[in-house]
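Comments concern the structure below.
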Amino acid sequence: MPLLMIPGPVEISPRVLEACSGAPSSHLAPDIIEAFGASLGLMRKAWLASDSAQPFVLPGSGTTAMEMAATNLLDPGDEAVVVWTGYFSDRMAEMLRRRGVKVTVVEAEPGDVPSLDAVGAALGSGSPRALFATHVDTSTGVRVDARALARLAADRGALSIFDGVCATGGERFEMQAWGADVYLTASQKAVGLPAGLGLLVVGERALEARKRLRVAPPLSLDFDSWIPIMRAYEERRPSYFATPPTTLLRGLLVALEEMLDGGMEARFAEHERAARRMRAGWGALGLSLLPKREEITANTLSALYLPDGVGPELAAEIGKRGVVVAGGLLPALRTRYFRVGHMGAVLKRPEALRATVGAVGEALGALGHRADVAAALSAFET
Ligand SMILES: *Cc1c(COP(=O)(O)O)cnc(C)c1O
């Protein structure tokens with residue numbers, strides 16, 4: 001099997017793989033009730049959320065979780081601010097527009113984030129009820145300052161919603177301490193499962209916002225459809241609204257246990273350390289990162305400019321060496337960069353990270369770019 005080093009789906013741990021395999025269970029089976037119920041409690045811990053926050057596990061993906069956030073908090077005609085950092089900011093803004101929300105997008109250059117002053121100004125004009133931001137934008141490798149944005153929103157009386165699909169479980173996020181209202185992700189990114197689940201934790205203020213809506217969200221995305229189900233499973237009672245992927249629920253419990261084993265501090269530090277080693281390798285290969293500054297550079301993936309004379313065929317050349325990486329995603333730059341994911345269970349296998357740096361270096365060499373692979377590997381080791 002090739003090594004899967006894209007920004008999702010990612011390599012999963014042997015224990016998660018084992019938990020997800022086998023015959024599917026009924027959603028009413030005792031092992032599924034336990035896995036579902038226990039996972040909800042562990043999500044609060046992994047999200048560093050308060051006891052009153054409501055976790056949701058949904059059949060679907062990150063996009064499903066985004067649409068739930070876009071439709072349960074605001075009525076048509078309400079105003080919202082979207083912090084633009086790349087491809088997924090555009091998706092969030094479009095979901096909100098389709099809900100009839102008046103959206104102000106605060107722009108930035110690709111590879112940068114809007115200034116807090118610009119976001120503050122957008123929040124100060126009109127009466128936006130919510131601020132949406134992508135914690136790590138998968139198209140640019142840029143990470144926003146979620147703590148500062150959450151505080152800014154709270155100061156202005158707006159909800160803050162963070163798309164953590166490429167971040168949750170890899171990048172520091174303290175939902176309760178930072179006062180963030182919604183933090184959402186998908187199963188196939190840093191959480192480390194196959195694709196198929198949307199995962200959200202929703203704070204009390206956001207749950208209140210749903211109660212005040214005049215226009216109900218789509219039934220399958222409505223907090224109100226799912227809250228009774230989540231409460232029932234957390235009390236270890238089966239319940240039904242729409243069938244969950246039961247094999248993934250078995251894996252979810254194991255993935256969350258592995259994530260929390262050692263604590264979230266250790267988990268964040270592990271991602272930071274791995275990212276530093278990968279970046280040392282990239283630097284030695286003469287590659288430069290799309291994010292413009294270190295403090296906005298994500299730890300979960302690297303978005304790297306293709307060097308002069310090397311085209312998007314690099315990804316296929318790396319693939320020949322047994323490592324799957326991703327091409328560009330941001331339309332404006334799509335053919336000028338490539339992306340490597342480094343999140344989740346694979347970080348427990350430094351040899352896999354090392355092999356990735358080696359494969360990128362050799363592929364660059366095969367395409368005529370002078371790359372010192374030995375120097376890159378030794379930079380990775382230090
Ligand atoms: C992957 C991703 C999504 C979309 O998730 P899907 O599971 O593909 O629907 C949304 N936002 C971000 C930041 C992502 O990385």
Side-chain angles (χ1 to χ4, degrees), residues 4-12 20 47 56-71 82-96 98 105 108 110-111 113-114 131-146 149 160-173 180 182-201 218 220-221 244-245 248 251-252 255 271 275 290-291 296-303 324-331 334 337-344 346:
L4 193 54
M5 298 299 286
I6 63 177
V10 300
E11 292 279 313
I12 65 177
C20 291
W47 269 236
F56 293 87
V57 175
L58 308 169
S61 76
T63 304
T64 319
M66 290 170 75
E67 197 115 52
M68 193 185 223
T71 54
V82 171
V83 176
W84 191 93
T85 47
Y87 181 89
F88 289 105
S89 320
D90 288 327
R91 176 171 296 185
M92 196 74 238
E94 179 59 14
M95 286 174 168
L96 289 165
R98 288 184 184 207
V105 178
V113 300
L131 172 78
F132 291 79
T134 314
H135 190 192
V136 166
D137 194 284
T138 325
S139 69
T140 58
V142 161
R143 181 185 59 225
V144 298
D145 185 346
L149 289 172
S160 60
I161 297 91
F162 294 91
D163 169 356
V165 182
C166 201
T168 309
E171 300 280 1
R172 173 178 302 279
F173 194 90
V182 178
Y183 193 41
L184 64 92
T185 191
S187 50
Q188 79 279 17
K189 308 259 175 127
V191 175
L193 292 170
L197 296 175
L199 306 169
L200 300 84
V201 177
S220 70
L221 296 174
L248 292 180
L252 179 62
H271 281 75
L290 214 106
I296 61 167
T297 302
N299 290 327
T300 47
L301 82 156
S302 296
V324 184
V325 301
L329 181 61
L330 197 66
R334 200 189 301 271
Y337 75 109
F338 70 106
R339 297 170 302 143
V340 181
H342 31 84
M343 63 186 113
V346 76

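Read the numbers this way: they start at 1 and go in the same order the structure lists the ligands and their atoms. Only this structure's heavy atoms are used, side chains among them; waters, hydrogens and symmetry mates stay out. Please read all numbers here as calculations on a predicted model, not as lab measurements.
- Close approach of ligand 1 to Thr134 is summarised as follows: ligand atoms under 4.0 Å from at least one heavy atom of the residue are 13 (C).
- Listed by number with element, the atoms of ligand 1 under 4.0 angstrom from any heavy atom of Gly62 are 5 (O), 6 (P), 7 (O), 9 (O).
- Heavy-atom contacts of Val136 reach the following atoms of ligand 1: 13 (C) (cutoff under 4.0 Å).
- Judged by distance alone, the side chain of Ser139 and the main-chain N or O of Leu329 form no donor-acceptor pair under 3.5 Å.
- The nearest heavy-atom contact from the protein to atom 13 (C) of ligand 1 is Thr138 OG1, 3.3 Å.
- Residue Met66 has at least one heavy-atom neighbour below 4.0 Å for each of these atoms of ligand 1: 10 (C).
- Ligand 1 has a nitrogen or oxygen under 3.5 angstrom from a nitrogen or oxygen of Ser61.
- The shortest distance between side-chain heavy atoms of Thr138 and Tyr87 does not fall below 4.5 Å.
- Thr140 contributes a side-chain N or O that, together with a main-chain N or O of Thr85, makes up a donor-acceptor pair within less than 3.5 Å.
- Side-chain polar atoms of Arg91 and Thr63 form a donor-acceptor pair below 3.5 angstrom.
- Applying the 4.0 Å criterion to heavy atoms of Gln188 picks out, from ligand 1, the atoms 6 (P), 7 (O), 8 (O).
- Atom 10 (C) of ligand 1 has its closest protein heavy atom at Phe88 CD2, 3.2 Å.
- Across Leu197, Leu301, Val165, heavy-atom proximity to atom 12 (C) of ligand 1 is greatest for Val165.
- Counting the atoms of ligand 1 from 1 in the order shown, those under 4.0 Å from a heavy atom of Lys189 are 1 (C), 2 (C), 3 (C), 14 (C), 15 (O).
- There is a side-chain donor-acceptor pair under 3.5 Å between Ser302 and His342.
- At distances below 3.5 Å, not a single donor-acceptor pair connects side-chain atoms of Thr300 with backbone N or O atoms of Met343.
- Contact atoms of ligand 1 toward Ala186: 7 (O) (distance under 4.0 Å to a heavy atom of the residue).
- Between the choices Leu329, Asp163, Thr63, the shortest heavy-atom distance to atom 11 (N) of ligand 1 belongs to Asp163.
- Here the side chains of Thr134 and Val144 are not in contact, with every heavy-atom distance at 4.5 Å or above.
- Taking the six-membered ring where the residue is Trp, Tyr183 and Phe173 present parallel rings, their angle staying beneath 30° rather than reaching 60°.
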